[in-house]
Amino acid sequence: NDLRSPHVALLPSSGAGHITPFLRLAASLLSQNCRVTLITSHPIVTQAESNLISSFLSSFPQVTEKQFHILPLDPASAASSKDPFFLQWESIRRSLHLLSSILSSLSPPLDAMVSDITLISSTITITKPMKIPNYVFFTSSAKMFSLFSYYSVVSESLADSTKISEIKIPGIGAIPRSSIPPLLLVPESLFATMFKSDSDNLRQFDGIIINTFDQLESKTLKALKAGEVAGGLPPLFNVGLIPNDFERKLGFGGEGAEAVSKWLDAQLAKSVVYVSFGSRTALSREQIRELGEGLVKSGYPFVWVMKDKAVDKEDGEKLEGVLGAEMMGEVKEKGIVVKEWVDQVEVLRHNSVGGFVSHCGWNSVVEAAWVGVPVLAWPLHGDQRINGEVVQGSGLGFMGGNWGWSGQVLVKGEEIGRRIKEMMEDEGLRLRAGEIRDEVRKVVGGTGDDGLKQLIQKWRA
Ligand code: BUP
């Protein structure tokens, strides 16, 4: 039965940080002779997501796209959060009852469905009666997954959150209070309530897919696979995904991206700092200016992907307006700042790039490991502090400092500049990052991607 092509439907949620790993998974499944149906939720929030999906579909015409038209939220729910991505997840969740007709129309029938972590409690109610095996794709680190899967055990004790200084996770160790996403410390918050019920519901799924490397999280993966963290969980498949060619068509096509590419070619080897806080984090104007000052003070040339608004389509302000004329002048002398999408992996793997100031969105961490570039971790939201701990623990980089959650602390330019210099001048760190890259490349995409193979084997059976 080894030749049968299993048919898998993939259901990503919103945000480039969720779409990207799903599309990478799709590309890997296609290379292993699977049939893939991609369910895309419309309307799409950002231009970056639309571009990623179109580029993917034109690179892989054999994929069936099913457009899923989601219902708008009622005004009260729409006012419940300021985060456009969180609201989109909520709209998708509330529309999922409309998905059954799409799923039952698919031919051949599905062997499995893979659901984004943000949608799981709603998607399982659809696939259970249809007897479609459902797999959770957890799009963050294994360490964050350990907190997630353990959360239903510990959430009660968090009620008295002021007394909790850390959460001790069996087989993993302690996660300090300062690293726990702040909303999880408010058990009655909508986020914490959902996190808990999703954590409970994991047991209804057929498997959990995670995208990490042993070189980053071997101890955590071992503990999870041995069932030490929480009982009764379905099997864990670590798929170790890597960037794919369809992503390259994006950045360097644009004018700004073209300029970045030319500028990088003219810089000295390993001399450039790359700065990005991912696709959905906008710093305050004040923090942006401190960062500008820090970059200039570091003395190193830089490529800075600047976000002034969470949603790219709304980010219309010119750079001068954000930075102010004086800083714009200083910044232009030393580096290059873009407000449009660049191909991050392409920039990171450029020989001129020697360090990455990152918010530690999980995809960014995986990409830094893949190219072997040291990371100065500056986590700002949600899972990013825990991911930053993974960066520090593996030796891929270090945390900037006790810089607090986004908006709570203004990190001064002076300190930012000092920490960037530290990253750029640490030879040991550079060597370790290079080792991680070499070790990862020996296994991933070669004989080591066992998780993916086991998964497909299961679907073929
Ligand atoms: Br911005 C930007 N180019 O200009 P993360 C991002 N990316 O290729 P996030 C670009 O988007 P979540 C750009 O390489 C990565 O694959 C980047 O995902 C790419 O962070 C992805 O790093 C961003 O996980 O998502 O966007 O904050 O919060 O869901 O982790």
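All values derive from a computational prediction rather than experimental measurement. Indexing begins at 1, ligand by ligand and atom by atom, following the structure's order. For the numbers below, each heavy atom of this structure counts, side chains included, while hydrogens, waters and symmetry mates do not.
Looking at Gln47 and Asn51, their side chains do bring a donor and an acceptor atom within 3.5 Å of each other. A donor atom on one side chain and an acceptor atom on the other are not found under 3.5 Å apart for Gln215 and Ser394. In this model, no donor atom of one side chain and acceptor atom of the other lie less than 3.5 Å apart for Thr20 and His18. With no hydrogens or angles considered, no side-chain donor-acceptor pair links Gln88 and Ser91 at under 3.5 Å.
Judged by the shortest distance from any of its heavy atoms, Thr281 lies outside the 4.0 Å radius around the atoms of ligand 1. Not a single heavy atom of His381 sits under 4.0 Å from any atom of ligand 1.
Only the side chain of Glu367 comes within 4.0 Å of ligand 1, judged by heavy-atom distances. Residue contacts with ligand 1, taken as heavy atom pairs separated by less than 4.0 Å, involve Trp341 via backbone and side-chain atoms alike.
Using a 4.0 Å cut-off to heavy atoms of Trp362, the atoms of ligand 1 that qualify are 24 (O), 30 (O). Under a 4.0 Å criterion applied to the non-hydrogen atoms of His18, ligand 1 contributes the atoms 29 (O).
To the nearest 0.5 Å, the span separating CD1 on Ile70 from OG1 on Thr40 amounts to 10.5 Å.
Across the listed options Arg24, His359, Arg280, Gln384, Arg280 owns the non-hydrogen atom lying nearest to atom 12 (P) of ligand 1. Of the candidates Ala48, Gly278, Ser358, the one placing a heavy atom closest to atom 1 (Br) of ligand 1 is Gly278.
Atom 25 (O) of ligand 1 has Gly17 CA, 3.4 Å as its closest protein atom, hydrogens excluded (heavy atom only). Protein heavy atom nearest atom 22 (O) of ligand 1, with residue, atom name and distance: Ser364 OG, 2.6 Å. Residue, atom and distance of the protein heavy atom nearest to atom 26 (O) of ligand 1 are Ser279 OG, 2.5 Å. In this structure, the protein non-hydrogen atom closest to atom 30 (O) of ligand 1 is Gly361 CA, 3.7 Å. At the shortest separation from atom 3 (N) of ligand 1 among protein heavy atoms lies Val342 O, 2.5 Å.
Lys339 and Asp312 are not joined by a salt bridge, as no carboxylate oxygen comes within less than 4.0 angstrom of a charged side-chain nitrogen.
In summary, the aromatic rings of Phe22 and Phe137 are positioned with their centroids under 6.0 Å apart. Centroid-to-centroid, the aromatic rings of Tyr274 and Trp304 stay 6.0 Å apart or farther. Side-chain rings of Phe205 and Tyr135 stay apart, their centers remaining 6.0 Å or farther from each other.
Residue contacts with ligand 1: Asn363 is placed with a nitrogen or oxygen under 3.5 Å of a nitrogen or oxygen of the ligand (distance criterion only).
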